[in-house]
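These notes concern the structure reproduced below.
Chain identifiers are assigned alphabetically (A, B, ...) following the order of the sequence lines, protein sequences preceding nucleic acid strands; residue numbering begins at 1 within each chain. As a basis for the values below, the full set of heavy atoms in this structure was taken, side chains included, without hydrogen atoms, waters or symmetry mates.
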Protein chains: 2
Amino acid sequence: MDIKPLYMLEKSLQSRGHRMTKVRTSILGQFLSAKIPLSASDIQMKLSQDGFSTNKTTIYRELSAIRNAGIIKKIMFGDRNERYELAEDDHHHHLVCVSCKKIENIPLMKLEKRLDDEEFLISKKNHFKVMHHSLEFFGYCHTCQKL
Amino acid sequence: MDIKPLYMLEKSLQSRGHRMTKVRTSILGQFLSAKIPLSASDIQMKLSQDGFSTNKTTIYRELSAIRNAGIIKKIMFGDRNERYELAEDDHHHHLVCVSCKKIENIPLMKLEKRLDDEEFLISKKNHFKVMHHSLEFFGYCHTCQKL
DNA sequence: ATAATAATGCAACTTAGTTGCATTTGTCAA
DNA sequence: TTGACAAATGCAACTAAGTTGCATTATTAT
């Protein structure tokens with residue numbers, strides 16, 4: 001699935017009654033260029049590097065608005081920190097380094113097909129309607145293996 | 001993999017210099033009889049039903065001791081609550097109801113083999129040493145589908 | 001029975017995220 | 001271009017889950 005350009009995302013936010021502020025545009029830009037999931041504090045730091053010092057309340061409210069518009073989704077990786085990534089991105093899974101906490105995206109096309117089959121079986125056998133799944137691999141990244 | 005009986009778990013804790021208190025024994029018993037992962041507050045509630053009112057600090061310290069002994073492991077399911085389950089239990093995955101938050105265990109033997117293969121490929125292609133993975137399915141349980 | 005040390009409770013603290021409210025700012029209509 | 005209105009923002013205070021320091025209590029080896 002392709003990622004929509006910035007102006008499409010802005011249009012979808014404006015159609016929900018949202019205004020385009022420089023903070024909001026900057027956050028959208030961060031998600032479009034980010035290759036990995038971002039936390040609220042990641043975003044706050046990047047904004048501050050760009051010259052805006054933004055209150056954390058604003059960050060959380062932005063994330064909530066952008067998420068309600070379906071542009072990003074919330075994901076969590078075994079710690080107490082919420083992270084967000086583009087919802088429309090290709091479906092993929094994550095490698096989470098238990099040492100440096102770095103996250104890599106990893107597409108698993110063939111496995112994905114198996115997981116879809118599995119979801120069908122689960123709905124029949126367990127009477128459980130699966131909406132989505134999460135698959136993460138925890139371990140040591142290339143760098144941390146050498147430490 | 002079979003679950004060790006209570007006296008084996010107690011022995012392994014005692015060998016680490018721990019004493020057997022009624023709170024500790026009761027927590028071990030809860031994990032042995034629980035079919036699903038337990039949170040700190042689940043355990044505190046069950047203890048209080050058993051007539052012990054135990055401070056939350058104690059609960060967290062017990063969980064930490066029992067975890068350090070390798071008896072339980074910590075797992076998280078997309079919210080900010082830590083949960084614990086027996087480490088020695090058969091490997092399985094979870095169905096998490098996004099409505100009532102109920103958790104079901106689900107063994108996926110065939111898929112497990114595929115995941116092991118995948119971990120081998122990841123270690124070669126991504127130079128990432130996988131220690132463990134987590135796979136959860138989110139959706140609506142039998143009861144919540146009818147609401 | 002006693003000494004050593006593990007277990008416990010309590011209050012205070014941390015972290016990530018949330019809420020209420022007053023103020024500022026973007027946008028649309030005139 | 002200018003107002004007016006609603007959206008966006010900042011701040012302080014709050015919540016929830018978990019952690020820490022310290023004084024007290026209880027278990028266990030001797």
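- The distance between atom NZ of B:Lys22 and atom C1' of D:dT27, rounded to the nearest whole Å, is 11 Å.
- Rounded to a whole Å, the CG atom of A:Leu38 is 17 Å from the C1' atom of C:dA16.
- No contact: B:Ser41 has no heavy atom under 4.0 Å from any strand.
- Defined by atom type and a distance below 3.5 Å, a donor-acceptor pair is present between the side-chain atoms of A:His94 and A:Glu85.
- When rounded to the nearest whole Å, the span between CD1 of B:Ile27 and C1' of C:dA7 equals 12 Å.
- Between A:Lys102 and A:Cys141 the shortest heavy-atom distance is NZ-SG, 4.1 Å.
- A:Thr54 comes within 4.0 angstrom of sugar-phosphate atoms only, judged by non-hydrogen atoms across all strands, and of no base.
- Nearest heavy-atom pair, A:Phe138 versus A:Phe77, reported as atom, atom and distance to 0.1 Å: CE2-O, 4.0 Å.
- Phosphate contact (OP1/OP2 of C:dG9, side-chain N/O of B:Thr58, threshold under 4.0 Å): present.
- In terms of heavy atoms, A:Asn55 sits closest to A:Gln44 at C-NE2, 3.9 Å.
- Atom CG in B:Leu28 sits roughly 12 Å away from atom P in C:dA7 (whole-Å rounding).
- The CG atom of B:Leu13 sits 16 Å away from the P atom of D:dT27 (whole-angstrom rounding).
- Without hydrogens or angle criteria, A:Asn126 side chain to A:Phe128 main chain gives no donor-acceptor distance under 3.5 Å.
- Donor-acceptor pairing under 3.5 Å, judged by distance alone, is present between the side chain of A:Thr57 and the base of C:dT19.
- In the region residues 61-84 of chain A, proximity to DNA chain D at under 4.0 angstrom, judged on heavy atoms, holds for A:Arg61, A:Glu62, A:Arg80.
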Under-3.5 Å N/O pairs linking protein and nucleotides 28-30 of chain D:
| residue | atom | partner | partner atom | Å |
| --- | --- | --- | --- | --- |
| D:dT28 | OP1 | B:Met20 | N | 3.0 |

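- OP1 or OP2 of C:dG17 lies within a sub-4.0 Å distance of a side-chain N or O belonging to A:Tyr60.
- Protein atom NZ of B:Lys56 is 7 Å distant from nucleotide atom C1' of D:dA17, rounded to whole Å.
- A:His91 and A:His133 share a side-chain donor-acceptor pair at under 3.5 Å.
- No hydrogens or angles considered: nothing links the side chains of A:His127 and B:Gln145 as a donor-acceptor pair under 3.5 Å.
- Of all the heavy atoms in A:Ile27 and A:Glu62, the pair that sits closest is CD1-CB, 3.6 Å.
- Rounded to an integer number of Å, the gap from B:Asn55 CG to C:dA11 P is 9 Å.
- Between A:Asp50 and A:Lys22 no salt bridge is recorded (no basic side-chain N to carboxylate O distance below 4.0 Å).
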